[in-house]
Visitor: 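Dropping the structure in here first, questions after.
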Amino acid sequence: MKFSALSSVALAGLLLAASLPSALLADTAGPRVLPKGQRPDDSRLGEMITLHDYHPLRPVETAEQWKVRSQEIRRRILVGSGLWPMPEKTPLNTVIHSRKDMGDYTVENVFFESLPGHFVCGNLYRPAGPSLKIGLNKDGKRPAALCPHGHWQDARFYDLGEAQRKQLIAIGGERFESAARNHYQARCVQLARMGIVVFQYDMLASADSYQFPEHRQGPRDHMNNPELGNWGFVSPQATNYLQTNFGLQTWNSVRALDFVTALEEVDGSRVLVTGASGGATQTMMISAIDDRVGAAFPAVMVSTAMQGGCTCENTHYLRVGQGNIDIAAAVAPRPQEITAADDWTIDLEEKGDPQLRSVYELIGAGKNYKAHFDVHFKHNYNHVSRTHMYDFVNRHFKLGLTAPVLERDFEVLLKEDLTVYNDEHPSPTGDQVGEPHERAVCRWWTEDATRQIAPLVAAIDAAALQKAHEVLGGAVAVMIDRELPSASEVNFGLEGKEARTGYLELTGLIGNDTHGEEIPATFLHPGEWNGRTVIWLSGDGKAGLYDPSGKPRADVMKLVNAGNSVVGIDLFKQGEFLNEGEIITENPRVAYPGEKASSDTEWRQSSVYLYGYNHSMFARRVHDVLTATTFVRNHETWKVKDLAVVGLGDMGPIASAARAIAGDAIDRLFVETEGFRFADLNSQWDQHFVPGAAKYGDVAGFLSLSAPRATWVADSDATLQSALNTTWKAAGDAGSLKFSKGDGTAIDAVVAELLK
């Protein structure tokens with residue numbers, strides 16, 4: 001940033017300085033800060049971040065800092081997955097059948113309900129014969145392994161062609177034709193032979209999991225339906241409740257952990273999760289969020305490069321300010337090893353591995369981490385990679401086997417052997433599959449979230465208030481992703497000064513050095529200041545302080561004449577952020593290098609690719625309010641006694657979100673909503689769209705986090721008023737909350753309140 005630090009700019013100096021050139025008038029009302037045609041020097045005006053960009057670890061300096069950072073990573077995964085708070089764990093209703101005795105291991109077919117009516121399908125491999133003696137602890141229990149799979153077609157039923165099998169064996173990727181035919185089975189068989197109980201389960205729309213007919217889900221307009229819970233994935237409604245196939249698959253992994261750890265013979269302290277490619281993505285996620293995972297082995301996925309190309313590997317907020325290296329590091333200090341190949345992980349040895357190793361060493365767990373760089377092989381989970389994994393498990397689970405642990409040949413089971421559905425156990429039909437089932441899943445998920453969140457928005461006692469700040473506050477921290485900046489992060493550059501009758505008009509740029517941001521601002525400062533300042537947020541930006549003639553609005557001048565300083569700012573993509581004639585109504589969609597819109601690529605238009613890597617426009621505007629709040633609050637000479645933030649119309653929710661984060665830094669909040677609700681937005685690209693906002697109480701959810709601070713709301717919704725009244729009463733200061741009718745007369749009422 002090009003401006004002096006905030007602490008070095010004294011207001012008295014500004015008032016007495018030699019006259020500066022008058023601010024340039026814009027096409028809109030009020031003065032410009034920058035010359036016409038020039039936009040702020042703001043980092044956010046650059047390209048949007050995509051999954052193909054460089055995603056390094058965000059480093060920390062101490063073990064204590066990493067403890068905090070790892071919790072933030074976990075929370076971000078959980079919020080983005082729609083699992084914050086965790087949904088109700090309904091009965092699994094597990095069915096295990098068709099046991100096949102393979103000599104030193106058995107294979108059974110399994111399905112259970114991760115939520116009512118939605119089945120997770122897979123195969124359970126258990127040690128038998130000679131394998132029964134391996135891996136037992138003193139209580140006679142044995143380790144377990146979860147095996148989520150990647151994007152090999154119908155992985156449990158996978159059967160590689162003969163020519164490709166021979167090629168794999170010829171290049172040293174496999175030792176046996178059986179393993180070359182199906183490396184998924186090879187992994188499960190060998191782990192079972194090592195005394196481990198193994199559960200391999202399907203991803204959505206793979207093998208037996210055909211209740212969801214699509215795996216890579218793109219936009220389907222006919223699945224949009226504002227009726228509560230009657231929608232499908234990749235709709236604005238589902239995004240408003242953070243419902244994605246990534247989230248459902250992650251929930252399936254949580255319930256798979258529930259299933260396997262409940263087995264009588266399993267030692268819950270020794271649970272491995274391992275998968276390759278998309279299966280490694282699930283390995284990373286479930287290992288990061290669930291401490292029941294004792295060891296993780298994600299293969300050919302962890303890197304600073306491509307982060308996962310499928311919608312099943314992306315969700316909202318997941319990689320904002322973090323990437324796969326950060327997520328893998330969140331497993332620390334638990335044991336973890338990873339592999340690289342001739343794919344997007346090829347540079348892991350130089351980019352990613354040193355940083356991951358540094359985290360483990362920082363917290364004193366360096367021996368628990370290792371990476372393998374078999375980059376002469378293409379994308380794989382071949383025998384070489386699997387052998388690394390077997391030795392890893394043998395060592396950390398103390399199995400006592402002689403290293404290296406090598407596979408033996410086995411009998412490949414076919415689809416008819418492995419499918420969970422047969423005459424005795426018929427497959428789902430009718431409303432249990434396809435779009436009706438998808439809608440049912442979304443409905444259950446919505447009802448579960450509403451049941452948990454509604455009592456937090458209308459908190460009835462101290463315990464509920466504490467829970468609200470944990471759940472709602474935690475979600476808002478992820479959705480907005482910015483704390484109130486410190487004074488040292490913020491600066492101001494004066495660009496224009498005009499003495500007006502009874503007040504001084506100052507224009508300049510408020511800068512945030514940490515994030516490379518700057519905000520055009522106008523200050524109407526009275527000749528006799530009473531110590532009170534008002535940040536006035538309008539849909540027109542700082543031009544909202546003025547009438548069409550270019551003079552300050554009469555209601556604003558009432559405040560200035562009464563001794564209040566009034567600040568107007570251009571939030572991101574308002575006012576001087578726009579090119580001449582530009583109108584912003586939507587968040588920009590992410591463009592993918594080298595990709596053209598077609599039926600093959602349109603699924604990439606899922607909003608997870610925008611909001612999974614970039615802040616929403618709403619969040620960026622909240623960031624600007626927080627920066628302005630710090631500037632006003634912390635000036636050395638400009639000693640503010642009372643700071644009020646006014647949010648008019650669609651700026652009301654932005655002001656509410658800023659107050660939820662800024663807390664006591666904002667003394668009074670004045671919000672006009674004009675009936676705005678996030679749940680009513682029918683486009684995921686709307687400039688006000690915030691994934692998850694409806695789930696976490698909508699506008700009332702943001703407002704509830706202001707209790708018991710002074711808050712005035714213009715909104716006629718009796719339900720909103722009742723909920724907030726309940727929360728303020730529980731917080732011990734019901735009188736600090738006031739309501740006005742949301743009938744378009746809010747500005748006069750706001751000014752009247754501010755003048756009291």
Side-chain angles (χ1 to χ4, degrees), residues 49 58 68-88 233-234 236-254 281-282 284-291 307-308 311-324 326-327 330 442 445-446 448-454 456-457 467-483 606-616 618-620 622-623 653 657 660-661 678-679 684 689-698 700-702 704-705:
I49 299 171
R58 280 65 172 178
V68 174
R69 173 78 179 123
S70 63
Q71 290 302 318
E72 291 173 347
I73 294 169
R74 291 180 179 122
R75 181 176 62 190
R76 182 167 293 279
I77 298 170
L78 288 167
V79 171
S81 301
L83 305 180
W84 178 274
M86 278 284 180
E88 178 188 358
F233 288 176
V234 204
Q237 297 84 8
T239 303
N240 240 326
Y241 281 85
L242 296 171
Q243 298 163 352
T244 61
N245 56 347
F246 173 93
L248 181 56
Q249 286 195 170
T250 305
W251 177 243
N252 289 348
S253 293
V254 171
T281 298
Q282 267 303 295
M284 282 189 283
M285 302 305 163
I286 187 62
S287 300
I289 66 175
D290 201 316
D291 288 336
Q307 299 291 286
T311 51
C312 80
E313 298 176 272
N314 291 276
T315 194
H316 310 97
Y317 305 118
L318 182 60
R319 297 184 181 91
V320 176
Q322 66 186 35
N324 284 349
D326 305 78
I327 294 168
C442 290
W445 212 342
T446 304
D448 177 88
T450 302
R451 177 181 55 79
Q452 295 197 61
I453 298 300
L456 305 182
V457 177
K467 185 72 172 178
H469 281 275
E470 174 190 336
V471 175
L472 300 182
V476 170
V478 170
M479 292 190 290
I480 304 303
D481 191 43
R482 183 72 61 86
E483 295 180 348
S606 169
S607 62
V608 298
Y609 294 103
L610 171 62
Y611 301 115
Y613 295 86
N614 303 276
H615 294 121
S616 65
F618 181 95
R620 290 176 171 184
V622 175
H623 298 169
I661 294 167
F678 293 99
Q684 298 171 83
F689 196 88
V690 184
K695 172 178 179 175
Y696 293 108
D698 216 292
F702 285 119
S704 69
L705 293 170

Visitor: Met86 versus Val254: any side-chain heavy-atom pair under 4.5 Å?
Guide: yes
Visitor: Please find the pair of heavy atoms, one from Gln684 and one from Ser607, that lie closest to each other, and give the distance.
Guide: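 Scanning both residues completely, I find the closest heavy atoms to be OE1-OG, 2.7 Å.
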Visitor: Does the pair Val478 and Trp84 meet the rule for a side-chain contact (heavy atoms from CB on, under 4.5 Å), with working shown?
Guide: CA-CA 11 Å; Val478 170; Trp84 178 274; over 6 Å; no
Visitor: Taking the side chain from Trp445 and the backbone from Gly82, do they hold a donor-acceptor pair closer than 3.5 Å?
Guide: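 Checking the backbone N and O of Gly82 against the side chain of Trp445, a donor-acceptor pair under 3.5 Å is found.
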Visitor: What's the separation between atom CD in Glu470 and atom CG in Leu456, rounded to the nearest 0.5 Å?
Guide: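 With rounding to 0.5 Å, CD (Glu470) is 9.0 Å from CG (Leu456).
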Visitor: Rounded to the nearest 0.5 Å, what's the gap from CH2 on Trp251 to OG on Ser81? Could you check?
Guide: 11.5 Å
Visitor: I'd like to know if the side chain of Asp290 reaches the main chain of Ile286, judged simply by a donor and an acceptor atom lying under 3.5 Å from each other, with no hydrogens or angles considered.
Guide: no
Visitor: Closer than 3.5 angstrom, by distance alone: can the side chain of Gln243 be matched with the main-chain N or O of Gln237 as a donor-acceptor pair?
Guide: no
Visitor: Once you measure the plane-to-plane angle for Tyr611 and His316, does it fall in the parallel (<30°), tilted (30-60°) or perpendicular (>60°) bin?
Guide: tilted
Visitor: Between CG of Leu705 and NE2 of His469, what distance do you get to the nearest 0.5 Å?
Guide: 5.5 Å
Visitor: Roughly how far, to the nearest 0.5 Å, is OG1 of Thr250 from CD1 of Ile77?
Guide: 8.5 Å
Visitor: State, with a plain yes or no, whether a side-chain heavy atom of Leu248 is found less than 4.5 Å away from one of Phe233.
Guide: yes
Visitor: Under a 3.5 Å distance rule, please check whether Thr315 uses its side chain to pair with a backbone N or O of Gly247 as donor and acceptor.
Guide: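 A pair under 3.5 Å: no.
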Visitor: Keeping the roles fixed (side chain from Arg74, backbone from Ala288), state whether a donor-acceptor pair exists under 3.5 Å.
Guide: yes
Visitor: What is the minimum heavy-atom distance between Asn240 and Ala694, and which atoms define it?
Guide: OD1-N, 3.3 Å
Visitor: May I ask you to check whether Asn245 and Gln249 show a side-chain donor-acceptor distance below 3.5 Å?
Guide: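 Their side chains do not contain a donor-acceptor pair, so the 3.5 Å distance test is not met.
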Visitor: Could you state the interatomic distance from CD1 (Ile327) to CG (Leu318), rounded to the nearest 0.5 Å?
Guide: 4.5 Å
Visitor: Just checking, is any N or O donor in the side chain of Asn314 or Tyr613 under 3.5 Å from an acceptor N or O on the other one?
Guide: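 On atom types as modelled, these side chains qualify, holding a pair under 3.5 Å.
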Visitor: Please report the closest heavy-atom contact between Gly321 and Arg58, naming both atoms and the distance.
Guide: O-NE, 3.1 Å
Visitor: Check whether any side-chain heavy atom of Cys442 lies under 4.5 Å from a side-chain heavy atom of Tyr241, and answer yes or no.
Guide: no
Visitor: Side chains of Arg69 and Gln322: does their closest heavy-atom pair fall under 4.5 Å?
Guide: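 Yes, close enough: below the 4.5 Å cut-off.
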Visitor: Any side-chain heavy-atom pair from Ile453 and Pro85 closer than 4.5 angstrom?
Guide: yes
Visitor: Over all heavy atoms of both residues, which pair between Asp326 and Ile73 is shortest? Give the atoms and the distance, please.
Guide: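 Minimum heavy-atom separation between Asp326 and Ile73: O-CD1, 3.4 Å.
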Visitor: What I'd like to find out is whether the side chain of Ile480 reaches to under 4.5 Å of the side chain of Phe618, using heavy atoms alone.
Guide: yes
Visitor: I need the minimum non-hydrogen distance between Val457 and Tyr696, along with the two atoms involved.
Guide: CG2-O, 4.5 Å
Visitor: Less than 4.5 Å apart, any side-chain heavy atom of Val320 and any of Asn614?
Guide: no
Visitor: How far apart are the closest heavy atoms of Met285 and Asn324, and which atoms are they?
Guide: CE-OD1, 4.5 Å
Visitor: Testing the 3.5 Å rule here: is there a donor-acceptor pair between the side chains of Thr311 and Ser606?
Guide: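 Judged by distance alone, the side chains do not pair up.
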Visitor: How long is the gap from CZ on Phe678 to CZ on Phe702, to the nearest 0.5 Å?
Guide: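 The CZ atom of Phe702 is 4.5 Å from CZ of Phe678, to the nearest 0.5 Å.
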Visitor: So, the side chain of Asp481 versus the backbone of Ala619: is there a donor-acceptor pair under 3.5 Å, distance only?
Guide: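 Here the side-chain-to-backbone pair does not exist.
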